[in-house]
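Letters A, B, ... are given to chains in the order of the sequence lines, protein chains preceding strands, and every chain is numbered from 1. Computed over heavy atoms, backbone and side chain alike; hydrogens, waters and symmetry mates excluded. All values reported here derive from a predicted model rather than from experimental measurement.
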Number of protein chains: 2
Amino acid sequence: MLYQKGNMFSKACEYGIKSMIYIQSNHDDSRKICLNEIAEAINSPMAFTAKILQQLKRSGLLVSTIGAKGGFQIKNNKPITIKEIVLAIDGDGFFSKCVLGLKVCSSANPCPAHEAYKLIKENMIKDLLDLELDEFTKNIKNKTIALK
Amino acid sequence: MLYQKGNMFSKACEYGIKSMIYIQSNHDDSRKICLNEIAEAINSPMAFTAKILQQLKRSGLLVSTIGAKGGFQIKNNKPITIKEIVLAIDGDGFFSKCVLGLKVCSSANPCPAHEAYKLIKENMIKDLLDLELDEFTKNIKNKTIALK
DNA sequence: TATAATTCGGACATTTTTATCCTAATTAAT
DNA sequence: ATTAATTAGGATAAAAATGTCCGAATTATA
Ligand code: SF4
Ligand code: SF4
């Protein structure tokens, strides 16, 4: 093995996803959720996580309040999908690029993987990326998944 | 967008896949296929491609002969799958890691994506990664896909 | 035998991604 | 008013991935 890759999403994106799941899971109108708590909860480097939260803010998924007792909240408490987070952090490469890095393929001139891969991608989006954060919340509460 | 990611496989791996497709497509018992030709054909940096070919050799997918008229060939002319190339270059992260970077999931304690993702992954492997190189050869010959 | 074509590997350089540090601004609470 | 908790963002550092350079070894062929 030459390098250790094979991650569909960047580390930044994973932290983003986990942060959002954490924030959603711990939503409480009476308080904001602060960076420190988030980074601790998902076991991520704090300053790096800060950048990611800023990006999620810029993308309109989060809002924040500054100062003591400040922190982050999901904007308007709106349902958010994994896909929105991926787009905010990694951009649309995942959705637009050829997995194999090939060129000049289309439905008219398909590569052998074309039809199969199109379906795989559609399913991946439907069954994984279109999932909303709150679908993960109960699993966090059950402890059937963990963020760190 | 924070970074430009969203590649399932590393660049090295893409070059590896394309190199292998090229070598397979241009197989001819009377000659070897040299680095220069490969890098040109797939539009990849030559010295970098050299490293990748060495790795594919070490993994037992290629053989090479040194010196003038030397070059690379697929070991024993054996059919090779995309998966074998991915494993040789990127290791098994793609097959073993959680897409979302979560922990503690299992069939008994599944995350909301568990069943769906398991299926997606199985299909991805079956329909994309288990494809053999020679399935791509005809598409190269038809020019329905291109390596650069 | 000399030359050109080629693989092989080490060292180095660049770019991208990940991570840390530090200072300023803001706000709640004392 | 002061202090502590907090976001915000710039600068920098470290690590990983990608890419380049070079010299040594090997082999076909002129
Ligand atoms: S169909 Fe084939 S060539 Fe086209 S994007 Fe998918 S893997 Fe790449
Ligand atoms: S089932 Fe969920 S937690 Fe488990 S590997 Fe898949 S995405 Fe990750």
Just N and O in the side chain of [X]: are any of them under 4.0 Å from OP1 or OP2 of [N]?
X	N	answer
B:T65	C:dT7	no
A:Y15	C:dA19	yes
B:K11	C:dT16	no
A:Q54	D:dG9	yes

Please pick, from [options], the nucleotide with the shortest atom-to-atom distance to any side-chain atom of [X].
X	options	answer
A:F72	D:dT7, C:dC8, C:dA19	D:dT7
B:K51	C:dC21, C:dT7, C:dG10	C:dG10
B:S64	D:dT7, C:dC8, D:dA28	C:dC8
A:P45	C:dT26, C:dA28, C:dT20	C:dT20
A:F48	C:dA29, C:dA19, D:dT27	C:dA19
B:A12	D:dA28, D:dT18, D:dT7	D:dT18

Nearest whole angstrom, please: distance from the [atom2] of [N] to the [atom1] of [X].
X	N	atom1	atom2	result
A:L56	D:dT7	CG	C1'	15 Å
B:I89	D:dT18	CD1	P	11 Å
A:E37	D:dA5	CD	P	15 Å
A:L53	D:dG9	CG	P	12 Å
B:Q73	C:dT7	CD	C1'	14 Å
B:E40	C:dT6	CD	P	13 Å
B:I52	D:dA17	CD1	P	13 Å
A:N43	C:dA19	CG	P	11 Å

Go nucleotide by nucleotide along DNA chain C from the 5' end; which of B:I33 and A:A68 gets its closest nucleotide reached first?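 Upstream on the strand: B:I33.
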Which sits closer to the 5' end of DNA chain C, B:K69 or A:S44, going by the nucleotide each is nearest to?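 With B:K69 and A:S44 compared, the 5'-side residue is B:K69.
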Are any non-hydrogen side-chain atoms of A:Q24 and A:T137 less than 4.5 angstrom apart?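 Result yes, sub-4.5 Å side-chain heavy-atom pair found.
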Please check if atom CD in A:E40 has more than 12 non-hydrogen atoms from other residues, nucleotides or ligands closer than 6.0 Å.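 At most 12 heavy atoms, drawn from other residues, nucleotides or ligands, come within 6.0 Å of this atom.
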Need one value for A:L35: base, sugar-phosphate or nothing, where a base atom within 4.0 Å counts as base even if backbone is also close, heavy atoms only. sugar-phosphate
Would you kindly say whether B:S64 and B:K57 are connected by a side-chain donor-acceptor distance under 3.5 Å?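 Indeed, the side chains of B:S64 and B:K57 share at least one donor-acceptor pair under 3.5 Å.
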Over-ring placement of A:K83 relative to A:F95, 6.0 Å and 45° cut-offs: yes
So, does A:D90 use its side chain to make a donor-acceptor pair with the main chain of A:S10 at under 3.5 Å? yes
Output yes when B:E37 and B:R31 qualify as a salt bridge under the 4.0 Å nitrogen-oxygen rule, no when they do not.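 Here B:E37 pairs with B:R31 in a salt bridge, since their nearest N and O are under 4.0 Å apart.
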